[in-house]
Structures are given as C-alpha cells and as structure tokens.
Colleague: 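This is the structure I have questions about; it appears just below.
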Amino acid sequence: MDYGFVQERAREIRARVEAACRRVGRDPAGVRIVAVTKTASPDVLPALHAAGIRDVGENRWQIARDKLQHEAAALFEWHFIGTLQTNKVKYVVPRFGWVHSLDRAELARALSQEAVRRGVTVQVLIQVNVSGETQKHGVAPEEAEALLRLARELPGLSVRGLMTMAPAVDDPEAARPVFAALRELRDELQSRLSLEGLSDLSMGMSDDFEVAVEEGATLVRIGRKLVNP
Ligand SMILES: *Cc1c(COP(=O)(O)O)cnc(C)c1O
C-alpha cells in the first residue's frame with residue numbers, strides 16, 4: 001500500500017482546522033490531530049510522519065500491536081482511544097502515553113497501578129457519554145465528577161480532560177450540541193473542583209472535526225479522511 005496520498009490529506013485537514021480556529025478566534029497551535037490508524041497497515045506510519053503528524057490513535061490492542069512493531073512507531077505519541085479491558089492494561093501502559101477512554105474506577109486503578117510499576121505517568125481523559133446513546137461507552141455526565149475525583153488522587157495518572165464520541169449523523173451540525181455539552185461539563189468540573197489542567201477536550205472525527213474545533217476540541221481523532229485511500 002502506497003500511502004503517499006496522506007501528505008495531501010493532512011495538509012487539507014490542517015487547513016480546515018485552521019479555518020475553524022479562525023472562525024472562533026482560537027490559536028490553531030492548540031489543536032492536535034490524532035491520526036486514527038486502525039484500518040490502515042503499519043506502512044502508514046512513515047507517511048504520517050512525513051506529513052508532520054506526531055500523534056497516532058488506536059482503539060484495540062490487537063490491531064495496535066503490529067503497528068507498534070514498526071520501526072517508525074517510536075516517532076509518535078500513542079493514544080489509546082477505544083474500550084480498554086483491564087487485562088490489556090499491562091500491554092497498553094508501556095506503549096501508550098495517553099488513554100482517552102477512561103470510563104470506570106476499576107480501569108483507573110489498574111492503569112495507575114501499572115504506571116507506578118513502570119515508573120511512568122499516563123495522561124488520561126474521562127470518556128463521557130454525552131448523547132446518552134446506549135451503545136456508546138463512557139460515563140453519564142453526572143458520573144464524571146466522581147470518576148474525576150478518584151482518578152486525580154491516583155498516582156501514575158494525570159487527568160487531562162474529557163473525551164466524547166458524537167452519534168454518527170449526516171449533518172455535522174447535529175454533533176454541535178454534544179460537543180458544546182462536553183465543553184460546558186469540563187468548565188463546570190474545572191470550577192467546582194478548582195482544577196487546573198483539565199484543559200483537553202478530545203472530540204471530533206472525520207465527519208465533524210471542524211464543528212468540534214469550533215466548540216473547543218484540543219485533540220481531534222481523524223481516521224478515514226486521513227488514511228483511507
Ligand atoms: C475510529 C475512531 C475514530 C476515527 O473515526 P473516523 O470517522 O474514521 O475519523 C475516532 N475515535 C474513535 C474512538 C474511533 O474508534
């Protein structure tokens with residue numbers, strides 16, 4: 001597979017992120033593009049690097065494993081973005097600096113324990129099920145505070161913010177209320193817990209990343225638009 005097309009795609013996505021930032025007066029430097037490579041082969045990694053991408057996201061350990069063996073893997077910061085089973089924590093912690101899908105106390109404790117054992121810190125985001133769709137993972141908005149309070153007391157974890165997935169819809173504008181609600185929840189938690197550093201919002205995918213950036217996303221997770229031929 002020749003991933004030469006990735007360079008042009010990355011350029012286009014970056015231009016669209018910058019335009020979205022301009023519309024709302026944000027600095028584009030505050031938005032990181034996380035390339036979601038789950039459907040691509042490990043050969044995509046050098047192409048992403050050449051395109052200036054430095055963050056890669058994977059949602060399953062089994063699929064990430066092959067890519068992590070590629071020599072280019074070390075050039076990236078790795079983000080775990082899918083449902084994480086506790087028995088996979090021992091594999092994920094040494095390779096992934098970020099976990100966007102923290103959704104339960106048991107997982108927070110397991111991540112913390114493994115991070116301490118390895119002498120590392122895992123950057124975590126609490127996944128919130130804003131839209132209330134039953135098949136989506138994440139805590140209900142009213143449960144986020146309890147998990148946040150627990151996670152920030154655990155050694156080995158640095159709580160960076162919140163993550164959500166919007167429902168798949170044809171019109172990206174339909175995702176706007178979901179993204180706005182995540183930002184409002186973050187602002188509320190930040191002031192209620194007098195928290196500094198709850199600054200990240202992981203939201204927006206191929207079809208709705210511009211709306212997410214307008215609503216405050218700092219990490220956009222882009223798969224298909226970047227790596228699918
Ligand atoms: C696959 C995936 C993405 C990327 O989705 P695209 O629509 O391909 O951009 C983002 N976040 C999560 C959690 C995913 O599983």
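Residue numbers start at 1 and run along the sequence shown. Just follow the structure's listing: the first ligand is 1, and inside any ligand the first atom is 1.
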Colleague: Identify the closest protein heavy atom to atom 10 (C) of ligand 1: which residue and atom is it, and at what distance?
Modeller: Met205 SD, 3.1 Å
Colleague: Picking from His79, Lys67, Arg65, what satisfies side-chain hydrogen bond (donor to acceptor under 3.5 Å, both in side chains) with Glu58?
Modeller: Lys67
Colleague: Can a non-hydrogen atom of Lys225 be found less than 4.0 Å from any atom of ligand 1?
Modeller: no
Colleague: With under 30° as parallel and over 60° as perpendicular, where do the rings of Trp61 and Phe96 fit, or are they tilted in between?
Modeller: perpendicular
Colleague: Which bit of Asn59 is near ligand 1, meaning a heavy atom under 4.0 Å away: side chain, backbone, both or neither?
Modeller: side chain
Colleague: Would you mind telling me if ligand 1 is within reach of the side chain of Met165, the backbone, both or neither, using heavy atoms under 4.0 Å?
Modeller: side chain
Colleague: Is the closest side-chain donor-acceptor distance between Arg32 and Thr218 under 3.5 Å?
Modeller: no
Colleague: Check each atom of ligand 1 against the heavy atoms of Arg224 and keep those under 4.0 Å away; list them by number with element.
Modeller: 6 (P), 7 (O), 8 (O), 9 (O)
Colleague: Could you find the nearest protein heavy atom to atom 9 (O) of ligand 1 and give me its residue, atom name and distance?
Modeller: Ser206 OG, 2.6 Å
Colleague: For atom 11 (N) of ligand 1, which protein heavy atom lies nearest, and how many Å away is it?
Modeller: Arg221 NE, 2.8 Å
Colleague: Quick one: nearest non-hydrogen protein atom to atom 13 (C) of ligand 1, plus distance?
Modeller: Ile81 O, 3.4 Å
Colleague: For Leu150, is there any backbone N or O sitting under 3.5 Å from a side-chain donor or acceptor partner on Glu153?
Modeller: no
Colleague: Tell me whether Lys90 contacts the main-chain N or O of Asn87 through its side chain, where contact means a donor paired with an acceptor under 3.5 Å.
Modeller: yes
Colleague: Quick check against the 3.5 Å criterion: does Ser158 have a side-chain atom that pairs as donor or acceptor with the backbone of Gln123?
Modeller: no
Colleague: Determine the interplanar angle of the Trp78 and Phe76 rings, folded into 0 to 90°, and report it as parallel if under 30°, tilted if 30 to 60°, perpendicular if over 60°.
Modeller: perpendicular
Colleague: Do Ile222 and ligand 1 have an N or O pair less than 3.5 Å apart?
Modeller: no
Colleague: Among protein heavy atoms, which sits nearest to atom 15 (O) of ligand 1, and what does the distance come to when rounded to 0.1 Å?
Modeller: Lys38 NZ, 2.6 Å
